[in-house]
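Treat the numbers as computed from the prediction; the structure is a model and nothing was measured. Chain naming here is simple, since letters A, B, ... match the order of the sequence lines and numbering starts at 1 in each.
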Amino acid sequence: MATYRTCPRTGLQFDLEADKLMRWNAVAGVLWLLVGGITALLVILTRWPAIKLLPADQFYLILTAHGIDMLILWIIFFEMAVLYFASSTLLRCRLATPKVAWVQFWLMVVGGIMTNIAIFQGESSVMFTSYVPMQAAPHFYLGIILFAVGALIGCGVFFGTLVVAKREKTYTGSIPLVTFGAMTAAIIAVFTIASGAAILIPTFLWSIGLIQSIDAQLYRMVWWALGHSSQQINVAAHVSIWYLVAAVAFGAKPLSEKVSRFAFLLYILFLQLASAHHLLSDPGMSAEWKVLNTSYFMYFAVLASMIHGFTVPGAIEAAQRKKGFNNGLFEWLRKAPWGNPVFSGMFISLVGFGFIGGISGVVLGTEQINMLMHNTFYVPGHFHATVVVGTTLAFMSITYLLVPTLFKREMLFPKLCQIQPYLYGLSMIGLSLVMMGAGTLGVSRRHWDMAFSGAPFQYEWPGAAYLMMGMTGILGVIAVVGGGLWIGLVVLSLLFGKKLDGGPVSDKTVPIPDQTVAASASATGSEEHVSVPGTVVLALTLLTCFVLYYFVNWKYLSEVWGLS
Amino acid sequence: MSAILPPSERLWWKQPIAKIEWFWIAIAFVWAMIMFVMMVYWHINGKQNLSNEVYKTTPEMFAAKTEKFIKENTIRTETDQQIPVVKVPAGGEGYLMARLWNWYPILELEAGKTYKIHLSAMDYQHGFSLQPVNINIQVLPGYEHVVKMTPTKAGTYAIVCNEYCGIGHHTMLGRIYVK
Ligand code: HEM
Ligand SMILES: [Cu+2]
Ligand SMILES: [Cu+2]
């Protein structure tokens with residue numbers, strides 16, 4: 001028999017088992033973010049040419065740990081919490097099979113630790129992509145496999161909870177948009193994990209000698225069906241959080257449910273195949289295959305992101321205008337709660353993801369232009385704008401809401417909480433830009449020494465490349481401080497923050513109380529079509545930057561050696 | 001309805017779509033199609049397209065071809081390691097091996113001429129990154145990729161390895177001369 005508590009501050013109702021699972025998953029995520037943050041500092045201090053902290057072997061070891069602990073462990077643990085929240089909490093439903101959900105948690109813990117042991121033993125510095133034929137220790141792969149099985153179980157519990165909610169009629173009509181977004185994330189996750197199994201299980205067998213060899217191109221193709229779609233999970237998850245924040249901070253309603261949901265569906269329908277854009281400069285695929293799979297299919301997913309990029313601020317603008325912030329184009333934005341880290345973090349995430357991560361990603365994913373940037377520092381520059389500014393910052397901002405409601409603690413140091421999203425978000429946007437700048441000048445990613453010490457020849461990078469790498473160092477350190485500040489604030493608040501009332505406990509679900517976060521907007525009527533001129537201007541600005549930058553790169557390409 | 005509550009017009013697919021949203025979807029769609037067409041257009045009219053000529057090979061086979069090419073076309077050797085500098089016949093075929101941790105041999109080309117350069121890796125994956133031109137191509141073991149290149153300007157060019165290939169990755173620097 002499930003028991004529930006209703007948070008007195010937000011009206012959200014938590015199944016106590018789900019409540020505990022969310023807390024443990026979120027905490028595990030934060031701890032991995034801590035490990036990832038320490039490795040980030042070591043990576044950045046090594047790539048900063050004036051410092052060059054670590055020797056080569058340690059650098060590659062630490063970089064492998066950074067990729068795994070950040071991209072996989074931090075993000076996916078947090079996503080498990082998001083899935084349980086979007087199902088059990090938002091549908092006011094008991095969590096299906098909480099016992100099985102604990103298997104999810106412990107498998108992921110064991111898997112994560114196992115892979116980290118392999119990395120820190122030093123025999124598995126293969127980067128998170130583990131391209132064959134470079135080989136890691138067997139438990140490197142095994143750990144990831146266990147972790148993935150855990151994540152798959154988590155998705156199963158999520159789907160199970162949707163079924164329970166439907167059967168027990170805990171809601172009427174369609175599921176809420178945020179849950180819908182989380183559902184698309186979970187569906188993509190199932191595909192992702194299937195691809196992961198298809199590549200990592202053979203690779204594991206190869207590492208213990210049961211399979212003779214694995215084709216390098218085949219590996220890359222199947223691996224990126226895992227690697228790319230998992231980024232799609234992240235996008236679906238953080239876009240859901242944008243909608244959630246718009247709802248709780250403004251009572252915003254999507255301009256139209258149909259458009260927003262349709263855009264989520266496009267992610268499912270069209271993104272898997274985009275793994276092709278990781279193979280654009282590879283030998284083994286034909287040009288037709290590349291063009292078809294990156295564009296025809298991917299651009300529908302780009303379209304989906306462009307839609308969300310419009311409807312999220314549009315929803316906020318509509319809500320603000322209804323409250324009377326109607327002067328000029330942007331009063332609604334100026335009068336937004338910029339001092340509330342839940343909102344400021346979400347908005348920086350939205351703008352940074354769209355303007356920096358989105359534009360650079362599409363340009364990078366253009367078949368011929370990819371040759372200008374493939375494997376350069378541009379690539380990590382691009383994805384720090386997506387997975388850090390976009391996903392990580394969105395997760396950080398929602399945590400400012402979760403600490404009081406889920407962990408029942410007041411955030412300590414509210415002034416520092418206010419600054420943190422700016423410190424982290426803006427330095428990370430700057431970091432992404434200078435990394436992309438260095439990559440445009442050719443500087444390689446995953447490269448210990450841009451002075452090539454020990455090489456038979458010399459090559460001197462342009463001075464601007466050194467300048468960019470120096471700025472990478474400075475902005476990277478600031479970003480680490482910003483990230484560390486968040487971890488510090490969260491951990492200290494969890495330990496020492498003022499304890500808050502958890503609310504009444506009962507074994508029955510209660511209806512959504514009015515005038516609360518849970519019922520943030522009045523429960524009647526769909527959004528009237530308020531005009532949103534400010535959002536239109538923002539969207540057209542994005543498009544203008546996009547078009548200009550896109551064609552600048554074609555121009556740049558036309559000037560290099562002829563290739564055919 | 002707010003995003004965390006069920007939509008009040010219970011069935012989302014029956015809700016109308018605002019004009020302004022149609023407007024943005026239409027623009028975004030047109031832009032997506034322009035980007036699609038650009039890639040196709042460049043295949044027809046652009047001068048920088050990655051070749052599709054690829055053969056399956058083995059490290060042994062590729063090394064043998066490279067050695068033969070070096071034997072027939074070497075013009076001098078350079079550095080203490082006696083790395084051969086090989087002049088690729090104008091308009092002809094050249095071979096470039098990626099291995100732990102060098103690009104072998106050094107090629108000499110002429111500006112304005114078109115060459116067929118065969119690329120393959122002998123061991124791990126490597127990355128052909130021509131600097132300061134900034135052309136980047138993945139090089140895989142087992143695949144012989146025949147890339148047609150037309151250098152535009154005379155000079156000394158570096159080939160950086162930009163796919164991580166182990167502890168000596170940063171020393172993997174090759175060279176191309178263009179006369
Ligand atoms: C605090 C801030 C961070 C800094 C300063 C930082 C810095 C860096 C740098 C400089 C690289 C490139 C290293 C190279 O290619 O030589 C890198 C790689 C990477 N980072 Fe971060 N990062 C940070 C946070 C994050 C976060 C939060 C995530 C994920 C959520 C992340 C995911 C990755 C991944 C996946 C790679 C690629 C590793 C590889 O090439 O194998 N980083 N990071
Ligand atoms: Cu290499
Ligand atoms: Cu290398």
Item checked: Contacting moiety of B/Leu109, where chain A heavy atoms sit under 4.5 Å -> side chain

Checklist line | Proximity breakdown for B/Phe128 and chain A, heavy-atom pairs closer than 4.5 Å | finding: neither

Check: For the side chain of B/Asn134 and the backbone of A/Thr440, is there at least one donor-acceptor N/O pair under 3.5 Å apart?
Finding: yes

Item checked: Flag side-chain contact, heavy atom, 4.5 Å: A/Met134 against B/Gln125 -> no

Item checked: Interchain contact, B/Gln81 with chain A, by part (heavy-atom threshold 4.5 Å) -> side chain

Check: Between B/Tyr143 and A/Ala216, is there a donor-acceptor pair closer than 3.5 Å when you use the side chain of the first and the backbone of the second?
Finding: no

Check: For the ring pair A/Trp554 and B/Tyr41, is the centre-to-centre distance below 6.0 Å?
Finding: no

Check: Side chain, backbone, both or neither: which part of B/Val37 has an atom under 4.5 Å from a heavy atom of chain A?
Finding: neither

Next item on the list: Over 60° means perpendicular and under 30° means parallel, so classify the ring planes of A/Phe300 and B/Phe29, tilted if in between.
Entry: tilted

Note to self: For the backbone of A/Ala287 and the side chain of B/His43, can you confirm whether one donor and one acceptor N or O come within less than 3.5 Å of each other?
What the structure shows: no

Item checked: Distance, nearest 0.5 Å, that separates CE of A/Met373 from CG of B/Asn136 -> 10.0 Å

Margin query: Need one label for A/Val547: side chain, backbone, both or neither, based on atoms under 4.5 Å from any heavy atom in chain B.
Written below: both

Check: Got A/Phe310 and B/Ile25 here, is their nearest side-chain heavy-atom distance under 4.5 Å?
Finding: no

Checklist line | A/Val560 versus chain B, the contacting section by heavy-atom distance below 4.5 Å | finding: both

Note to self: Please classify the contact between A/Tyr550 and chain B as side chain, backbone, both or neither, with a heavy-atom cut-off of under 4.5 Å.
What the structure shows: side chain

Next item on the list: Starting at CH2 of A/Trp448, measure out to NE2 of B/His170 and round the result to the nearest 0.5 Å.
Entry: 4.5 Å

Notebook entry, point to check: If every non-hydrogen atom of B/Gln48 is compared with every non-hydrogen atom of A/Glu559, which pair is closest and at what distance?
Noted result: NE2-N, 4.4 Å

Notebook entry, point to check: Side-chain contact, heavy-atom cut-off 4.5 Å: A/Leu563 with B/Val147?
Noted result: yes

Check: Closest heavy-atom contact between A/Glu367 and B/Met39?
Finding: N-SD, 3.1 Å

Check: So, do A/Val362 and B/Met35 sit near enough that their side-chain heavy atoms are less than 4.5 Å apart?
Finding: yes

Check: Heavy-atom distance under 4.5 Å to chain A: side chain of B/Trp31, backbone, both or neither?
Finding: side chain

Margin query: Tell me which of these, B/Thr156, B/Leu130, B/Val139, has more heavy-atom pairs under 4.5 Å with chain A than the rest.
Written below: B/Leu130

Note to self: Are the side chains of B/Trp24 and A/Thr311 in contact, using a 4.5 Å heavy-atom criterion?
What the structure shows: no

Note to self: Report which part of B/Val54 has an atom under 4.5 Å of a heavy atom belonging to chain A: side chain, backbone, both, or neither.
What the structure shows: side chain

Check: Considering only heavy atoms, which portion of B/Lys56 lies under 4.5 Å from any heavy atom of chain A: side chain, backbone, both, or neither?
Finding: side chain

Note to self: If I measure from the heavy atoms of chain A, does B/Asp123 come under 4.5 Å with its side chain, its backbone, both, or neither?
What the structure shows: backbone

Item checked: Proximity breakdown for A/Arg92 and chain B, heavy-atom pairs closer than 4.5 Å -> neither

Next item on the list: Check whether B/Ile117 gets within reach of chain A through its side chain, its backbone, both or neither, counting any heavy atom under 4.5 Å.
Entry: neither

